[in-house]
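Down below is the structure, laid out as structure tokens.
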Amino acid sequence: MSDTFDFVVCGAGSAGCVLANRLSQGGKYSVAVIEGGGRDNWIWFHIPVGYLFAIGNPRSDWMFRTEPDPGLNGRSLAYPRGKVIGGSSAINAMIYMRGQAADYDGWRQLGLKGWGWDDVLPAFRKQQDFFRGASDLHGAGGEWRVDRPRASWALLDAFIDAAEQAGIPRSEDFNRGDNEGCGYFHVNQKGGRRWSAARGFLKPALNRPNLRLFTNALVDRVVFAGKRATGVEIIIGGERKTISARREVILSAGAVATPAILERSGVGAGEALKAIGVDVRQELPGVGANLQDHLQLRAIFKVSGVKTMNSEYLSLLRRARMGVDYALFRKGPLTMAPSQLGAFTRTSPEFATPNVQFHIQPLSLDKFGDPLHKFDAFTVSVCNLRPESRGAVHARSARPDDAPRIEPHYLSAGKDREVAADSLLLARRIVSQPALAKFHPEEYKPGVEISTREDLMRAAGDVGTTIFHPVGTAKMGVETDRTAVLDERLRVRGLDGLRVIDASAMPRITSGNTNSPTMMIAEKGAAMALEDAR
């Protein structure tokens, strides 16, 4: 196969794996997929609990960091992104979550035809292989396996009871369009192993003669002939190489890397391009803007008289038993996602749909990458689902190996600070219910001495951290929206032969984990690219 293809896909992450599969189906078009990371030939990409070892490891994580953030009281955060085929789906929480029907109907109301709930549901169903089988809301036989969790904890069962006592109903399925309630998450696993986008979509397609995967290849910039994208320049094995595209170049490198590639290619805000010494090819001021992320506030409560992962992991005997359970039966704590239990609810009656999401974990640690605490505890992490704060991602320089500048601007909107305080108060209210009293919960973070809403707003800046959901940095929008980078068919405005198909395209963040919505965008985007290629 030559270095000229019909489609060149930049990034083999969650979106890129879907694109690779769909664009190469049938053999009509040749497809190149270019991935900056390597193959997923490491055990911790496949054992679910491996996220503990993959996040913060340069083998599997791009090791990005944010700039010091005023909203976080000057702290800089690690900003994990998967550095491997499958992208962040190879190191993430494995939670299958679509968001709310109102999210997508909101996109449609922005003027984005074809992106309402009724429009996107068929794409979700097409991809899905749901453990309960097909229904009006779920699909079966697709590439994206959705399973029930294979571990349970008495502490988490009690939390469901406590949430119900606090007025949050039980839920067995968060993916029906209304995700209100409390229950166990459904996960992207099969037989107790992580089911990444690479495993579901990319690997089964790699034996197709019209699909070629480049790994450990950095995309520098898009190559143009006038206003038409004709390929990309990559750096592979220390050498610069051009991969040409007959039909389209598709950027699917994610909400952090995609805007940096656009800017290195001369596409973006003039001032941002001037700052890195790149001439303007297409002025699009929205490139890198509109960054949205879910900021999690990790409240930690010490407990007694109940099993947690903290004490289980500290015991060599019980740790060995975990290994045996996994090796023989594919069950137990090694199958755990970072968060097993979830809850969606409102912090105030003013919200029409749930505005916060809880991730509840039978463990505690200061931050990912740190050891578990030596005392028994659980974490009640809560995030504002629809933050008003907006940040930015821009290329730091014209060098492709220079990490982008990430400025989330967390809690910069006053409403976000109010929701942060209210969500911490809500966490306390749930934990104080009778169902958990037998475990004697004692607040460890942020601490009972922090009691007023003003103090809690300040504390949110101390305990808040990313929950790894960056989106929106090359958003879709109508023609009159000057900040829109893409049209409703994911085409870069003012240019030909160039699309962005990844989480960058979201105009507004979805109300929940963003991995599966990103793959839905890729499903629809692939269909659009194939339609336009006819």
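It should be emphasised that the depicted structure is a prediction, and the values quoted were computed from it without experimental measurement.
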Neighbour count above 12 (heavy atom, 6.0 Å) for R399 CZ: no
Summary of ring-ring contact (aromatic ring centres under 6.0 Å, His included) pairs that have at least one residue in residues 273-302, sequence neighbours excluded: H294-H469, F301-F378
Candidate pair V256 and Y79, rule side-chain contact (heavy atoms from CB on, under 4.5 Å), full reasoning: CA-CA 10 Å; V256 174; Y79 216 68; 3.9 Å; yes
Heavy-atom side-chain contact between Q357 and V382 under 4.5 Å: no
Pairwise side-chain contact, V223 with V249, heavy-atom cut-off 4.5 Å (strictly under): no
Spacing of L295 atom CG and D416 atom CG [to the nearest 0.5 Å]: 8.5 Å
CA sep, side-chain torsions, deciding dist, call: T379, I360, side-chain contact (heavy atoms from CB on, under 4.5 Å): CA-CA 6 Å; T379 301; I360 302 98; over 6 Å; no
Residue pairs passing the side-chain hydrogen bond (donor to acceptor under 3.5 Å, both in side chains) test where at least one lies in residues 266-285, sequence neighbours excluded: K227-Q282
Pair S423-N384, side-chain contact (heavy atoms from CB on, under 4.5 Å): steps then yes or no: CA-CA 8 Å; S423 63; N384 179 354; over 6 Å; no
Donor-acceptor under 3.5 Å (N290 side chain, G472 main chain): yes
Check: C10 and V232 side chains under 4.5 Å, non-hydrogen atoms: yes
From CA spacing to verdict: side chain to side chain donor-acceptor pair (under 3.5 Å), D455, T452: CA-CA 5 Å; D455 288 343; T452 68; 3.2 Å; yes
Closest contact, heavy atoms only, A484 versus G477: CB-CA, 3.5 Å
Audit row: I521, M506, side-chain contact (heavy atoms from CB on, under 4.5 Å) steps and yes/no: CA-CA 9 Å; I521 289 171; M506 293 189 193; 3.7 Å; yes
Note: R221-E233 ion pair, threshold 4.0 Å (strictly below): yes
With L72, the side-chain contact (heavy atoms from CB on, under 4.5 Å) member among V463, L77, T66: L77
Nearest-0.5 Å distance that lies between atom CG in N92 and atom CG in N515: 5.0 Å
Whether E263 side chain and A395 backbone form a donor-acceptor pair below 3.5 Å: yes
Where P80 and T466 come nearest, the two heavy atoms and their spacing: CD-CG2, 4.5 Å
Over all atoms of both residues, closest heavy-atom pair of R346 and N355: CA-OD1, 3.1 Å
Close side-chain approach of E443 to V431, heavy-atom, < 4.5 Å: no
Gap between atom OG of S196 and atom CH2 of W144 - 0.5 Å precision: 6.5 Å
Shortest non-hydrogen contact from A377 toward I300: CB-CG2, 4.0 Å
Trace of the side chain to side chain donor-acceptor pair (under 3.5 Å) decision for S511 with R386: CA-CA 6 Å; S511 299; R386 295 182 292 276; 2.9 Å; yes
Heavy-atom side-chain proximity of N57 to I91 below 4.5 angstrom: no
More than 12 heavy atoms from other groups under 6.0 Å of CD on E350: yes
R396 CZ: over 12 foreign heavy atoms closer than 6.0 Å: yes
Criterion side chain to side chain donor-acceptor pair (under 3.5 Å) on S504 and D502, from CA distance to verdict: CA-CA 5 Å; S504 310; D502 60 21; 2.7 Å; yes
Between R98 and N175: side-chain donor-acceptor atoms closer than 3.5 Å: no
Pair D220 + R240: basic N to acidic O under 4.0 Å: yes
Separation of M528 CE from E248 CD (nearest 0.5 Å): 11.5 Å
Side-chain heavy-atom pair R298, K445 within 4.5 angstrom cut-off: no
Distance-only donor-acceptor check, side chains S389 and H409, under 3.5 Å: no
Which residues share a side chain to side chain contact (heavy atoms under 4.5 Å, CB included) with R417, sequence neighbours left out: L411, M457
Side chains of V267 and L495 in contact at under 4.5 Å (non-hydrogen atoms): yes
Plane angle bin for W107 and Y104 - parallel if under 30°, tilted between 30 and 60°, otherwise perpendicular: perpendicular
Over 12 non-hydrogen atoms of neighbours within 6.0 angstrom of CD in E449: yes
Between CH2 on residue W117 and CG on residue D105, distance to nearest 0.5 Å: 9.0 Å
Over all atoms of both residues, closest heavy-atom pair of Q340 and P362: OE1-CD, 2.7 Å
Minimal non-hydrogen separation, L291 against A392, with atom names: CB-N, 3.6 Å
Value rounded to 0.5 Å, distance of CG in L363 from CG in L372: 6.0 Å
Pair D462 + R75: basic N to acidic O under 4.0 Å: no
N-O pairing of E35 and K83 below 4.0 Å: no
Beyond-backbone contact of E67 with I406, side-chain heavy atoms, under 4.5 angstrom: no
Sequence-distant partners of E442, side chain to side chain contact (heavy atoms under 4.5 Å, CB included), two or more places apart: K302
Six-ring centre of W115, K524 cation under 6.0 angstrom, axis tolerance 45°: yes
T308 versus N310, side-chain donor and acceptor atoms under 3.5 Å: no
Ring geometry between F45 and W42 (parallel below 30°, tilted from 30 to 60°, perpendicular above 60°): perpendicular
F185 ring center within less than 6.0 Å of Y96 ring center: no
Main-chain N/O of A255 paired with T473 side-chain donor or acceptor, under 3.5 Å: yes
Chi angles and distances behind the side chain to side chain donor-acceptor pair (under 3.5 Å) call for T465, Q296: CA-CA 5 Å; T465 187; Q296 62 172 333; 5.1 Å; no
Sequence-distant partners of A427, side chain to side chain contact (heavy atoms under 4.5 Å, CB included), two or more places apart: F358, V380
R491: side chain to side chain contact (heavy atoms under 4.5 Å, CB included) partners, not counting sequence neighbours: D487, R489, R499, D532
